[in-house]
Structures are given as C-alpha cells and as structure tokens.
Amino acid sequence: MNLVRAEWERLATRRFMRLMLVLLVLAFAVTAVTTLVGSHRPSPDEIVAAQQSAAQQRQALEDTFQQCLAAVRGTLPPEEAQDYPPNCSVFDPGQRDRLPVAADHLQGVFTFADQARPLLYFLVAFLVLFGFLVGASYIGADLSTGGVVNLLIWRPRRLAVLGAKLGTLLGALTLLSVLASAAYLGVFWLIGQGAGLPGATGGDFWPGLGLIWLRGLVLVLLAAAAGFALATLGRRTAAALGAVTAYAVVWELGLRVVVEVVGLPRGEDWMLSTYLDAWLTGQARLSDATACRGVSGYCDGNYQIGWGLGLAVLLTLVGVLTMAAFGAFRRRDLS
Amino acid sequence: MSAVIEIEGLRKTFHGPYRSRHVAVDGFDLLVGRGEIHGFLGPNGSGKTTTLRALLGLVRADSGRMRLFGEDVPRAQARVAARVGAIVETPQFFGNFTGHRTLRLLALAGGVPTRRVDEVLAQVGLLDRGEDDVRGYSLGMRQRLAVASALLKEPELLILDEPANGLDPAGIREMRDLMRSLADAGVTVLLSSHILGEIQLICDHVTIVSAGRRVAAGPVAEVLAGHDQHEWLVRVPEPDRAAELLRAAGLAVDERPEHLVVGGVSDAGEVSRLLGEQGLWVRELVPLRPDLESVFLKLTDGGVRDEEAGA
Ligand SMILES: Nc1ncnc2c1ncn2[C@@H]1O[C@H](COP(=O)(O)OP(=O)(O)OP(=O)(O)O)[C@@H](O)[C@H]1O
Ligand SMILES: [Mg+2]
C-alpha cells in the first residue's frame, strides 16, 4: 500500500506526465473552441429544408433496395437487373449503420449525436498514445536513471515493486480516462445544447457510445501495459518507442507491400492494426483480393473479423509481453 | 560478538558479448561483526561493488553463501532490508525531483515516517538545498543525498560504497564524524574506499580484496602487525662501515642515499650498541611501521589487477 502511494506521487509529479496532461487539455480546448465558433443554432427554415433533403435521401435508398429485390425476383428487365447482386442485404436500409437524418443537411451546425462518435474516437486515439508513452517513460526513466535500484534496496521484492508500478499506472490512466471523457463529452454535449443541435440521443445512442468508450478504455490500458512491458524489457523508454516504430515500418508497411506483391491470401490477418480495428469498431471489414480468383459472377471477397478475436489477439500479445517483462525483471542483474 | 555480514565462497561471473566470461568475484569471503567499522579495500575492478550488489540482492551470484543478521540472503532479503541502509557506487537519482522529494518517495515506499527526511538532510548538511532539483546538485551533493537516503530508515547496518567520492576535505571530515557517531550509537558500518588514510583513521577492521579474492582480513592493527618487518631507519656518520657491521651481526640492511633501512630488528637497543661499540654514534633511529597503503600495495601487487594475485 505504501508502495502504491509512493508510486502514485512519483507518477503525478513526473514532468512528462504533466506535459502530456497539458497537451490533452490544449487539444481539447482547441477542438471545443473551433467547434463552438463554427456552429450556430439552425433557424426553423433551415431545419425544414434539411428534413426534406434527408427524407428524399432515405426514399432513394429504399427505392434502390426495392429495385434489387425486384431484380432477384426476376421482375426487372435483365439489362437493369444485372447491376444488382444476388443478395440484396447490402442495400437494405434497415441494415445500415445509420440512416440519413436532417443534421446531415445542415451547414455549420454542430450536431452532438452525429459528432459524438468521431470525437470519442479522437479522444481514445489521444489517450492510447498518451497511455503508451507514459507507460514506457514511467518505467523507462526509472530504469535508466537507477531509481529502481534505490527502490529495490528498500523493497527487495522485485515483482511487488514492478507490479505496484504497473498497477498504479493503470489505475491512474483509468481515472484520467474517465475524467477526460466525461469532461470532453460533457462540453460537446453543452455545445450541442446551446449552439447547435443535440441530435437523436435517444434509443441506443448512449449505450452505443458507452460501449465505444469502454472499448477505448481497454485499448488505452493495453497500450499502457505494452509500453511499460517493452520499456522494461529494453531497460529504457527508447526501447518501447523503437519496438513500435520497427514493428510499424517492417511489419505493417513492409510486410503489407510484400503480401500485396506476392498476392498472399488474407494478408490483413497478420496485421495488428486489423485486430485493433476489430476491437475498437466491433468488426473489421476486410476484403481478400485473392478470394475472387477464378470465381465467375458476383464476388467481393469480403470477410469480417469480429471484436472477440480482436480482443483475444490484443490481450494475448500484451499478456505475453507483460509476463516476459516481469520474468526478465525478476531475474536480471541490476546496476 | 555476532556477525552481521557473513559471506562465504561468493562467486559471480559476468557474461559479455560473444560468449566472453568475466569472473568478477572469485570465491570471496567476508565477515563483519556487530558494531564494527569495517573497511573494504581493493584495486579498481577487484569486485567490491559487485560483492555489495550481490549482498543487496541486485545481482544474482553464481554460488556462495551470504547471510545478513544471520539470515540467508537473497532468500530473506525482504525481511532484513529494513535494517540495512546502503549506497552502491554513486547512486543515480531522478534529475527532475528535488532532493526532498527523492527522499520522501523512498520514505513512503519503505514505510518510514516522512519527518525523517528533514532529519537526514540536516545530518548530511543538505537541508538548505533540499528544495532544489537533483539535476542541479554537484557530485558531492549527490553523494550526500545518497548517504542521506541510506540513513533514512535508521539502519543497523550501513553499507557505503565509496561515500567519500567527490566530497571536499570538509565533507570527508564530516562524513568521518558522522560515521563515528553512528558507530557509537551501535550501527555497524561497511565502508569501501580508496582513501586508505581515511580507512586507517576510522576503521577498526579491514578486508582487502584482490581480483575477486580476499587477501587479508582482520582488525586493522593485526593486519598491519602481520606485515611488520621490524624495520628501522638508521642514520649514522659512516653508513658503509655501519652496514658492514650490521650485516655481520646477521641483520638485513638496505642502503639508501641518506640512511640505512635495517630489517629483522627485534630490539633497537641492539643496533645502537653494535654501532656504538665501534664508535659509530647513531644520530637517528626510527621504527618503520607499515601503514595500510604499503600493505595494500604489497598485497594487491601494486594495485594492478592480476588474475594470479592471491592464488
Ligand atoms: N554489469 C556488469 N557487466 C559486466 N561486467 C561487470 C559488470 N559489473 C562489474 N563488472 C566487472 O566486474 C569486475 C568487478 O567490478 P566491480 O565494480 O565490482 O569493481 P570494484 O572493486 O567496485 O571497482 P572500483 O574500485 O573501480 O569501484 C570488473 O572487472 C568489472 O568490469
Ligand atoms: Mg566499485
């Protein structure tokens, strides 16, 4: 318990941590202010016009769907029917993520319900980066400056010391994420109320947003643990940054090119970014160019990877890294 | 007197790149009794710091037995840690923290009341710089901070690896006084240093290590006495004739430009009688007692690291 208190204070007084917090607040303030400046309350006329445009668009979607169904039933002239696939579900308005709404047709009006998701993704992206960097530098600086050695002379149980550090880090990040998200969404909600439109925040809007937030939080914690583990394994902050850069360049870029040139099937399955996407958005939609080789007729080669697999892959990776870090730290010679 | 530190047959090999191996500590023994101020001497690279690191559980020994307060370490390290204050080489501290915060965090982690922080800062003379960032400390100030961190938990055993490193003459004296007062309060001190005069001044026991092995150990007076060759400096008007006479009497004589060094003398009166009888009146007769420096240099082969030394 004492250890956690000390670590908490150490973390809170780190200059790097403070710098990142300032950046967070700054980025947050800039987005909020530009949004506020660029938004106005729509007049009744604007709203009516926008509602009409949205209704027209919805009707057009429905018409296409009906055309497709007709093509499948064979009640359409063949030259028109060939534009449609044998399965009409892609055109089904009921299966779309969202239908056009009036807010889509309002210029210069901030609609909270529409913007909440991208805003939240932006916050999550920032927090993931924040978590990784803080995780890596927190232990990295301690290892390279010998602070850990001083601590171990006091508390020789190495796993407990490292565990207290990781635990404090994750706890602090969870708290920070909760506070930052609440403040962030709260401010934009207020902007929507006062200088824009709240939009359709009923139904499963809030539960949906909450789910994204939860997924984002898990990702932030995983990123922090990964940064922490990599820096521990490499004994310095730069090791974590180097490992991620090397992975991104060699694997995500290099291997991707090779896979495309050679034409390997389902190359995306080997990319971590695929599983990140799957976890964060609920499903990664991918297409495999090689699947359609030799297939005549309609073939899009699409396939999905669900969030369950995404989470499993991420958890396994971070779990293995963390265990390796603890194992190495327990045994290694420190000087 | 029970032993506070017992080390038997400690061995540590470092593995370098390309399968190279380096034996840093090679079957080393150390015994430090309660209440001693024990000097730990050895040339550069002889394995002192490595031994202390192993004792503190920072490096893993290949073999050997180590006990602190009678408990096997590293197995019981967590149990005895609270009783041991240590600095190993010049410890590095986080530059962005103040000296005060550095100690406060250690105190928090170790469950020591944080009011101790000001007490130890005062003890090492850093109280007025406690609120400055460690980044801005001089070498000696860092060293003082390190000693303060070791004192924080009011240890029964204080392990100091070159605490005088970077200290000015006044600092060295303060450190000496501090150690004396700690020893008077019953604290056992293990002190590694290259300042042999300092060791001779404050230590009652010493262990000398060379190439990872113990080459001498015991109370300072005994170690010195063990290397006493009973040499006397003799100054006489006719050194050549005197040397002949003394040699004839079976004494070892070394002729120096200004004087003679006569070895194997059990009774100095014998020398003056031998010479006086022949009309050579001794002008000066001084015993040459070995000091720690001469013993150290002799035992460690002039201080040059040698794999065969002590074999
Ligand atoms: N981490 C390490 N990796 C490889 N070799 C090491 C390591 N630490 C120490 N050594 C080697 O072990 C030997 C003993 O080093 P050690 O630091 O114990 O000497 P020392 O007696 O403290 O010397 P000094 O008086 O210079 O402080 C040296 O040859 C050194 O090069
Ligand atoms: Mg040393």
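Any value given below was found using the heavy atoms of this structure, including those in side chains, with hydrogens, waters and symmetry copies removed.
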Restricting to ring-ring contact (aromatic ring centres under 6.0 Å, His included), what partner residues turn up for B/F40, sequence neighbours left out?
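Once residues adjacent in sequence are excluded, the partners of B/F40 under the ring-ring contact (aromatic ring centres under 6.0 Å, His included) criterion are B/F28.
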Under the criterion side-chain contact (heavy atoms from CB on, under 4.5 Å), which of B/L151, B/V120, B/L126 is the partner of B/L103?
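For B/L103, the side-chain contact (heavy atoms from CB on, under 4.5 Å) check succeeds only for B/V120.
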Looking only at heavy atoms, what is the nearest atom pair of A/A32 and A/I191, with distance?
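It is O-CD1, 3.6 Å.
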Can you see which heavy atom on B/V134 is nearest to which on B/G99, and at what distance?
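The pair with the smallest heavy-atom distance is CG2-N, 3.8 Å.
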Mind listing the donor-acceptor pairs under 3.5 Å that bridge chain B and chain A?
| unit_1 | atom_1 | unit_2 | atom_2 | d |
| --- | --- | --- | --- | --- |
| B/K12 | NZ | A/D333 | OD2 | 2.6 |
| B/G57 | O | A/R158 | NH2 | 2.9 |
| B/L58 | O | A/R158 | NH2 | 3.0 |
| B/L58 | O | A/L334 | N | 2.9 |
| B/R60 | N | A/D333 | OD1 | 2.9 |
| B/Q92 | O | A/N150 | ND2 | 3.1 |
| B/R101 | NH1 | A/E9 | OE2 | 2.9 |
| B/R104 | NE | A/E9 | OE1 | 3.3 |
| B/R104 | NE | A/E9 | OE2 | 2.7 |
| B/R104 | NH2 | A/E9 | OE1 | 2.8 |
| B/A109 | O | A/R155 | NH1 | 2.6 |
| B/D133 | OD2 | A/R15 | NH2 | 3.3 |

Gap separating the CG atom of B/L31 from the OG1 atom of B/T207, nearest 0.5 angstrom:
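Atom-to-atom, B/L31:CG and B/T207:OG1 are 8.0 Å apart.
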Pick from A/L151, A/I153, A/V161: which one has the most heavy-atom pairs with chain B under 4.5 Å?
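Option with the top pair count is A/I153.
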Quick check: do A/L230 and A/V244 have side-chain heavy atoms less than 4.5 Å from each other?
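Yes, close enough: below the 4.5 Å cut-off.
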Can you find a heavy atom in the side chain of A/L175 that is under 4.5 Å from one in the side chain of A/V178?
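No; the side chains remain at least 4.5 Å from each other.
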Measure B/A82 against the heavy atoms of chain A and call it side chain, backbone, both or neither at under 4.5 Å.
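Neither part; nothing is under 4.5 Å.
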Residue part contacting chain A, namely of B/V80, when any heavy atom lies under 4.5 Å:
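When you check distances to chain A, no heavy atom of B/V80 falls under 4.5 Å.
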